[in-house]
Amino acid sequence: MLSGADILIRSLQEENVDHVFGYPGGAVLHIYDALFKQNKIHHFLVRHEQAATHMADGYARATGRAGCVLVTSGPGATNAITGIATAYMDSIPMVVISGQVQSHLIGTDSFQETDMIGISRPIVKHSFMIKSATEIPLAVKKAFYIATSGRPGPVVIDIPKDITNPADLVPYEYPKDLKLRSYMPATKGHPGQIKKAVSMMMEAERPMIYAGGGVIQGNGCEQLDQLTRMLGFPITNTLMGLGAYPATDKQFLGMLGMHGTLEANNAMHHCDVLIAIGARFDDRITNTVSKFCPQAKIIHVDVDPASISKTVMADVPIVGPVESVLCEMIDMVRQVIGQRKEEKGKALAAWWEQIELWKSQNCLEVKADPAGSIIKPQQVIQTLYKLTHGDAVVTSDVGQHQMFAALYYPFDKPRKWINSGGLGTMGFGLPSAMGVQIAFPKEQVVCVTGEGSIQMNIQELSTCAQYGLPIKIINLNNRALGMVKQWQDMQYEGRHSHSYMESLPNFVALVEAYGHVGIQVASPGELDSAMEQALAIKDKLVFLDVLVDPEEHVYPMLVAPDGSMRDMWLSKGVRT
Amino acid sequence: MRRIISLLLENESGALSRVIGLFAQRGYNIETLAVAPTDDETLSRLTLTTVATDEQSEQITKQLNKLIEVIKLVDLTEGEYVERELMLIKIRVSGLDQAEIKRTTDIFRGQIVDISPTIYTVQLIGTSKKLDAFINAMAEFTVIEVVRSGVSGLSRGEKVLCV
Ligand SMILES: Cc1ncc(C[n+]2csc(CCOP(=O)(O)OP(=O)(O)O)c2C)c(N)n1
Ligand SMILES: [Mg+2]
C-alpha cells in the first residue's frame, strides 16, 4: 500500500526517469516530499517553470528520451505552457506533471486553480486528469508510451492534491504491458508505395532529397546517409533536420527555406522528383505554396499521416516510421540501381553541374569589416566552429543569431543542433542547453543567443550556478531585436518600431553576480583569443558577450509575399 | 460539400472536448453534433456534420484520427448511408390553423406530441432536409421554439463502424 505521491514517484522510476525538472508549490508538496525521500530520481530546481519545460525539452532532443517536468497548479502550470507548446510544435517527447487543487475544490475558482487540461489541450499530444491514486500507474505508463511513440509530443498529467495525500494508502502495481485500442502508430510503410517511390527515384533526372527533423526523431540518420550516397542525389536539411545528414559532405547543399542557401532553394525549385522524409512542408520552407516545386513529383515519407498532403499534395504518400521505410528503400534501391538507364545517369550528372554553378556563387561568403574594427556575427560562429572542431552541442534562441548558427556551423551528426524551429521561442536557448548539459555532463555545450533572447530566461543563470553547469553562452550582441529590425529595414522602410534594446545590462557584471565568468569582446582581432579563453574554462559557465555589427542582415532570404523558392535576396538590395 | 462524419471514441471525460476543440483550433466548423454512449458503455458514438472540400475533409479525418481517444471514424457521405434527425417544434395555434397544422404534420409523417389550448408541439424524424422543409411549411404560423437533435447516421448494408 502506497500513497498517490509515492505511487507517482515509483511509476516514474519504472519508466527509468532519472531527471526531473521542476518547481514546487502547494498542490505538489506531497509529491515533493515523496521525491525528498528517495534518491533514484534527481530533481533540478529552476527559477521559472518555463525553463523547466525547455530543460526537459533540450534533454529530450539530445537523448531521444522523454523529458519530465513537475510544476504546481495555477501559475506554475501556466508558466509551463510556452515550453509545452514549443515541444509540441517540434514533436518532442515530454511528460509534464502538474499539480491541481483538491478534487472537491475543482470548478470553484479556488486558490491557484486553472483548468490545465483545458488550457493545454491544443498544445499536447494527449493529457490525463487523475481522479484516484489507483489510476496513476496506468496513466504514467500511457503518458510515456504516447509521448515517445509515433510522432512524439508532450503529454500532461494533472493530479489534484488530495490524490497524492500521504495519509491515503492504496494498493500499487505497475502495469507490465499496454494495449491502447485507439492508438496504434504505423510500424511499417506500405511496400507497394515504397516500390512506387523507388521506381520514381530511378526515373528522376533532377532529384532532390529534403529531410527534416523527423529523421532525427525517428532515428533514421544512418539509413538516410546510406540511401543518399547510394543514389548520389543532392540533399538538403530543414532547420529542424540539421545534422540528419553530414553537413560537410559534398552531396549536402545546406539548409533550405526562408534563410536557406541559394543552391538548396534553387535545387528545390527546379527538381523533377522531390523526396521528402520526416519533413512537413512548413510555410517557412515552401514560400508561396502555389509556386512550390512546380515541376516535381513528390514522394513524402512521414509517420504522421496528417502531415502528408496537408499543405502540398504528395504523389506518393508513405506513412511509416522513417527508419523502417528507409531500410526498405535501401534494399530495393540496391537491387535496381545497377539498371538505372544511362540517360538518367547523364541527366543526373548535368543536374549536378547546374548545382555546382549555384554553389560557386558562394552565397554564404562573409565579408570581413575592411577597417578591421567591427565583428561580423557570422565570423563569431565560424570561430566557434573552428575552435570546437564542429563537435559541440549548440543550442540557440530565436533571431538572426539562430540563423547564423544554423548556416555557419555545419553539423555532421544528429542531436547536436537544438533550437525551437516550429514555435520560434525566444528564451529557449539557455534552459535547453542546461538540459543537454545535464544529460551529457562531459559534452561541450554552447548556447548561441542574442541580447534580446537571453533576457527571456536569464534568471536560469542562478540554476546553472546551483548545479555547476559549465555551459558556454555566446551572446551575439547587436543591441537590437535584430531579426525584427531586419524585417523593418526590408519591409517598413527602416522604421525601427520598438526593435532596439535600450538600457542593456552590463552582461559581464550580471553573470559575475551569479558567480559565473563574463568576458566581453568588441574587436575582430581579439575574437579568437577571447573565445579560446572562454572554451578553455572547463568547470565554469562562461558568458562571452560579443559586440557584433548591428547593421548585419541574414542572407539569403526568400522574397515574400508571392515569391517562389528561387526568389531570394542575396545581400542588401541584391536579389536573384 | 456537406459531410457526415461518424466516430467511435472512448467514453471518457475530456474526449468530447478534444474533438470539439480540434474543430475550433483548426478553423473547421461544426454544423450539428450528436453524441451518446453505444451498447458498449465504454464507447461513445459521435456524429457531426460539417461543410468541407475534399482536401479539408481529408485533413479533418486525419486530424480526428490522431486524437488518442478516437478509435475509428468514417465519413458517411463517401458512401451510401442512412441519416436521421429528430426535431421538436412548438407552434402557436388559433382555431382556424389547427386543421392545417395537423394535415401538414401528417404529410410529413410527424406526430403532435403535446397540445395546449394555444400551442401544438410536433415531433418529426427524418433527414435534415425534411426537417428544414417542415419548418418552411410552418412559416405562415407562429413557430415559437425549435429543438433539433443533430444528425445521426449509419452506412448502408454490410459496412459497419465497430471496434
Ligand atoms: C517569445 C518571443 N517573442 C517575440 C518573438 C519575435 N522575435 C523573433 S526574433 C526577435 C528578435 C530577437 O532578438 P535577439 O535575441 O537579440 O536576436 P537577434 O535577432 O538580434 O540576433 C523577436 C522579437 C519571438 N520569436 N519569441
Ligand atoms: Mg539582438
Side-chain angles (χ1 to χ4, degrees), chain A residues 85 88 91 103 106-107 115-132 135 138-139 142-143 145-147 149-158 178-186 280-281 289 300 302-314 317 319, chain B residues 3 5-30 33 35 37-47 50 52-75 78 160-163:
Chain A
Y88 181 71
S91 314
S103 307
I106 291 178
D115 173 12
M116 179 58 167
I117 296 293
I119 289 178
S120 64
R121 198 202 61 236
I123 51 161
V124 294
K125 185 168 172 187
H126 197 53
S127 50
F128 296 91
M129 177 83 204
I130 303 294
K131 301 221 166 79
S132 107
E135 289 176 11
L138 187 59
K142 283 185 185 172
Y145 174 61
I146 291 169
S149 56
R151 180 177 179 176
V155 175
V156 164
I157 307 178
D158 202 36
L178 193 60
K179 255 188 79 191
L180 286 173
R181 61 179 171 182
S182 60
Y183 174 69
M184 280 166 272
R280 59 185 179 90
F281 297 84
V289 173
H300 191 179
D302 206 292
V303 73
D304 175 12
S307 278
I308 298 179
S309 301
K310 181 172 64 178
T311 59
V312 171
M313 284 305 278
V319 179
Chain B
R3 315 272 169 174
I5 298 173
S6 186
L7 44 110
L8 271 179
L9 74 166
E10 297 289 356
N11 185 8
E12 285 169 3
S13 67
L16 178 61
S17 73
R18 267 184 249 273
V19 172
I20 293 165
L22 178 81
F23 275 74
Q25 185 187 334
R26 297 203 177 255
Y28 317 139
N29 68 318
I30 298 180
L33 176 73
V35 57
T38 67
D39 53 331
D40 173 350
E41 65 195 23
T42 68
L43 293 175
S44 288
R45 179 83 178 230
L46 181 152
T47 314
T50 183
T53 63
D54 285 353
E55 291 85 51
Q56 284 168 336
S57 164
E58 186 181 328
Q59 257 304 301
I60 292 173
T61 48
K62 281 174 166 180
Q63 293 293 350
L64 283 169
N65 254 320
K66 265 176 81 170
L67 296 177
I68 306 292
E69 286 136 336
V70 171
I71 299 167
K72 273 188 185 158
L73 67 94
V74 61
D75 179 348
E78 277 177 358
V160 288
L161 189 66
C162 62
V163 288

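Proteins get letters first, then strands, A, B, ... in listed order; numbering begins at 1 in each. Since this is a predicted model, take the numbers as computed values, not measurements.
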Does any heavy atom of chain B fall under 4.5 Å from the side chain of I117(A), the backbone, both, or neither of them? neither
Using non-hydrogen atoms and a 4.5 Å limit, figure out which bit of E58(B) sits close to chain A: side chain, backbone, both or neither. side chain
May I have the step-by-step check of side chain to side chain donor-acceptor pair (under 3.5 Å) for K62(B) and S309(A), ending in yes or no? CA-CA 11 Å; K62(B) 281 174 166 180; S309(A) 301; 5.0 Å; no
Answer key: most heavy-atom pairs under 4.5 Å with chain B among K125(A), R121(A), H126(A), K142(A) is H126(A)
K66(B) bridged to D304(A) by N-O distance under 4.0 Å: yes
Assess, by modelled atom type and distance only, whether the side chains of S91(A) and R151(A) contain a donor and an acceptor separated by less than 3.5 Å. yes
Carefully, step by step, assess T61(B) and R3(B) under the rule side chain to side chain donor-acceptor pair (under 3.5 Å). CA-CA 11 Å; T61(B) 48; R3(B) 315 272 169 174; over 6 Å; no
Go through the atoms of E69(B) and report whether side chain, backbone, both or neither lie under 4.5 Å from a heavy atom of chain A. both
